[in-house]
Amino acid sequence: MMQQPVRLCSIQHRPHGVTHEVRTAIRWSKSSDTGNSSFRLDGSAKLRISSAVAFAACFTKKDRRQPKISQLSEPEGMTQTLTSRLAAEFRAEAKPLLLIPATLISMSLAGTASLRAFLTGRLLDIALDSAKTGGDPAGAFHALAPIAGFYFACALYGYVANVVQGILFALARWKMSMSMRQKLFKALIRQEVGFFEQNSSGALVSRLTNDTDQLQNVLNRAPENLVTNLMRLVISLVLMAKQHTLLTLVSVAPLPLAFLLVKKTGQVVGRYSVLQNDSLARVNAVASEAIANVRAVQIAGAEQTEVQEYCKATNNYLKVIERTLFKETALRFVSTLLNDALSDVPLLCLSCWFIACGQLTMGQFYTYRTLLWSYRRGFRELAELFTGVSRAQAVSRRYFDLTDRQPTVYSKPAAMRLPQESVTGRLSLQGVSFQYPGQDKWAVQNVTFDVNPGEIVALVGASGAGKSSILRLCARLADPQEGSVRLDGHDLRDLDLQDFRRCIGVVDQDPALFDRTVWENVGYGCNIDIEDSSKQEQLAEAVNAAQATKFVEALPAEPLGERGSRLSGGQRQRLAIARAIARGAPVLLMDEPTSALDGETEEAVASTLSRLASRGRAVLVAAHRLRTVARAHRIVVLEDGRVVEEGRREQLLEEPNSRYRATVEPSMEVD
Ligand SMILES: Nc1ncnc2c1ncn2[C@@H]1O[C@H](COP(=O)(O)OP(=O)(O)OP(=O)(O)O)[C@@H](O)[C@H]1O
């Protein structure tokens, strides 16, 4: 939330840098605003803006050198540098049992490569000497055979060790990747609901997969790459110097300039990695939003619009990739040209001169060339490592952003434990006011009322009056800015969150089911073994109370599809009610639980609610339908987030100036 003004500032401060992308993104987010003149951005709009700012920074001439995107996602409170955070992450996630042997093998491979260079040079010299002197082939064979045998042993070790280290590294990489994903998912799933309303699921999944893969790719091999290639570089340089000092000096002459270019490449790659990942997250966000809303897309005949949107996102992604590729390749090319090609001509001329003068044998020349190749390989791989670490640093900001993020709704360290059995279920709201993040308007204002055990309280009011927001606060999916919500007199913020959630059963406006079997769905979150026959009975009772037995018995024992897509709206609603009942919670919070049911089923469900209340449950229900409201013991009438009336239905109907009588009940659905 804090980032929004920064983003907008970045756009405003660089008016010439605002490209069509930025303007389109701003227009888009403005048009998606629901009647509020302030910039209310949902996750997708934020992402569009962020990508657009990135593009503006990338592609506009005036500001090309300073893309601001990395500043936009700077996490708060991150005191350690990213490099030390990455090192700490490596220590936490690395798999030493796999990585240590793999690194040792890798180092030994670097050593045997130099040894093989020497052996080959020696073999060549013996063979050439023998040819020159016209010596006896049997003698030459005797001299060559042990060296060749040793070479063969080294080569064989090299092949086997290569395979083994490949497997070890791959295993370590996958294990590390999965544990980083698990860590990120753990951090993600405990965030408050509001967080998910601000960030699109596609972008979050993209972070979960793409960012962690990129991070582990670098982290996993960084120490091994560093040690092995430093070793390769130093061994090669020392041996090269021993072979021929002057040639070695010529070989390393371009090193300082090449080093500067590598540093520059690292900076460029780091900067563009963030842009790449933001663009990819945008691609995934577009796809997942379209797929999740495929019905709406098809009904609106908007397939083409979505395809265009997706193509736009992928083309933008491609642009960033192209840009990165060209810049990175250009810098690498210059660096390689300097380090390899330019020093090669003088090296070759000098080597030929020394051979002609008899100062260098063919074998020594071969050994020198092989060592030079090894030295260059070491340098190239260290440069790759540096670029990779720069990329990881840039990407890790977002990773740490999430793993560090503290949800705004959480259990205090000394939170009070509250076993479900000890709770009577008295829910009270005392002077509660609540505003959604980034909104000017209060959704709930100074609301005070109680729901007692054994009582059904109906929340009524026009659409947007604040009914769902109150239920959200009662389920502690958000905390109020003012006042308190209490259970048995305890402020919800002082209670252990898990304990509190065990005390409530919730039915949402849009019932959430999982792609699992019907029984798994009903028992979801109840921590019960659905194979246990006594527990099955408990679930069956809940299903029966929700008037769902008939259709549940007819269902095959198969998963219900994503979000229960193989069920009708009314069936989904009844399963959600059954789940809430099965929890055996003392408080039931229901948001229009019967809106999709026919009159007869609704009547039966409403009588179930009355029965549950008569057994001591406290039921708070947001309702638009008279049948549900008529069964309530008390009605709370809301207008613009405020309680304007409260009382029994008969009382409210008798009141001459009753808002309930004048406007609310006449607008209610009867069937
Ligand atoms: N996630 C959200 N972010 C920002 N504003 C929201 C959010 N959810 C609701 N609002 C706003 O809060 C106000 C109250 O909404 P709420 O959903 O509580 O109303 P409601 O009475 O339940 O409406 P309905 O009967 O249509 O479900 C509305 O102005 C709405 O636009």
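Remember, predicted model here, so these are calculated numbers, not experimental data. Indexing begins at 1, ligand by ligand and atom by atom, following the structure's order.
Using 4.0 Å as the threshold, G641 has no heavy atom nearer than that to any atom of ligand 1.
Residues V587 and C503 are not in side-chain contact: their nearest non-hydrogen atoms beyond the backbone lie 4.5 Å or more apart. Considering only heavy atoms from C-beta on, T209 comes within 4.5 Å of R181 through its side chain.
Atom CG of D488 and atom CZ of F500 lie 11.0 Å apart (nearest 0.5 Å).
Residue pairs meeting the ring pair (Phe, Tyr, Trp, His ring centres under 6.0 Å) criterion with at least one partner in residues 428-481, sequence neighbours excluded, are F434-Y436.
Which parts of ligand 1 touch Q509 is read off a 4.0 Å heavy-atom cut-off, strictly below it: atoms 27 (O). Within ligand 1, counting atoms from 1 as listed, the ones closer than 4.0 Å to a heavy atom of G466 are 14 (C), 18 (O), 19 (O), 20 (P), 21 (O). Ligand 1 places these atoms under 4.0 Å from at least one heavy atom of S468: 17 (O), 18 (O), 20 (P), 22 (O), 27 (O). Taking every heavy atom of A462 and a limit of under 4.0 angstrom, the matching atoms of ligand 1 come to 21 (O). Atom numbering of ligand 1 starts at 1 in the shown order; those under 4.0 Å from a heavy atom of S469 are 14 (C), 15 (O), 16 (P), 18 (O). Near E592, meaning under 4.0 Å from one of its heavy atoms, ligand 1 places the atoms 25 (O).
Between E192 and R405 there is a salt bridge, since a side-chain N of the basic residue sits under 4.0 Å from a carboxylate O of the acidic one. Salt-bridge check for R426 with D450: passed, with a basic side-chain N closer than 4.0 Å to an acidic carboxylate O.
Of the heavy atoms in P437, none comes closer than 4.0 Å to ligand 1.
Residue V643 forms a side-chain contact (heavy atoms from CB on, under 4.5 Å) with just one option from L638, I470, V637, and that option is L638.
Across the listed options H624, E197, K441, K441 owns the non-hydrogen atom lying nearest to atom 29 (O) of ligand 1. Relative to atom 7 (C) of ligand 1, the option among Y436, W442, F196 with the closest non-hydrogen atom is Y436.
In terms of polar-atom proximity, defined here as any N/O pair under 3.5 Å, G464 does make such a contact with ligand 1.
Counted by atom type alone, S468 and D591 present one or more donor-acceptor pairs between their side chains at under 3.5 Å.
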